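Quantities reported herein were computed from a predicted structural model and do not represent experimental measurements.
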Amino acid sequence: MFSKFTLAAIPALALAVGFGAPAFAATPACADDVAQVQAAWDAMYPMAMHTNGNQGIGDALRMAKLKCAEGDTVSTQQYLNVVRSHLNMQQHPAPHN
């Protein structure tokens, strides 16, 4: 009985690893841009000390991180451009959908 289970489990495990590998294979290309803008944000607002007037900018940074994790680099750059504008950074010439 153990051998039947082993013969069925090995291919199933191989398929699971094979399908899961692309998700962990590489970080999105936008991760460096997010880290750069996050560092500038942290320098401007140390220890998350931002006023309520900047909540929308903080939300744009949060959305950029989310979109980057989803692999949507165009939306990531668009959200990062909102934050870059607030921080007086040069904007990325992101294509528009």
Practice item. Please name the pair of heavy atoms, one in Lys67 and one in Thr76, separated by the smallest distance, quoted to 0.1 Å. Key: C-OG1, 3.3 Å
**Study point:** Which atom of Ala31 lies closest to which atom of Cys68, heavy atoms considered
**Key:** N-SG, 3.5 Å
Check your understanding: Does the Asn81 side chain pair with the main chain of His92, one donor and one acceptor, at a distance under 3.5 Å?
Key -> yes
Review point. Of all residues at least two apart in sequence or in a different chain, which pass the side chain to side chain contact (heavy atoms under 4.5 Å, CB included) check with Ala35?
Key: none
**Study point:** Cluster check Tyr79, Leu87: I/L/V/M/F/W/Y, side chain < 4.5 angstrom
**Key:** no
Indicate every side-chain donor-acceptor pair of residues 56-65 with a distance under 3.5 Å to a residue at least two apart or in another chain.
| from | atom 1 | to | atom 2 | distance (Å) |
| --- | --- | --- | --- | --- |
| Asp59 | OD1 | Gln55 | NE2 | 3.3 |
| Lys65 | NZ | Gln38 | OE1 | 2.5 |

Point to revise | Rounded distance (nearest 0.5 Å) linking atom CG of Leu80 with atom OG of Ser85 | key: 12.5 Å
**Study point:** Flag for Arg84-Gln77: side-chain donor and acceptor within less than 3.5 Å
**Key:** yes
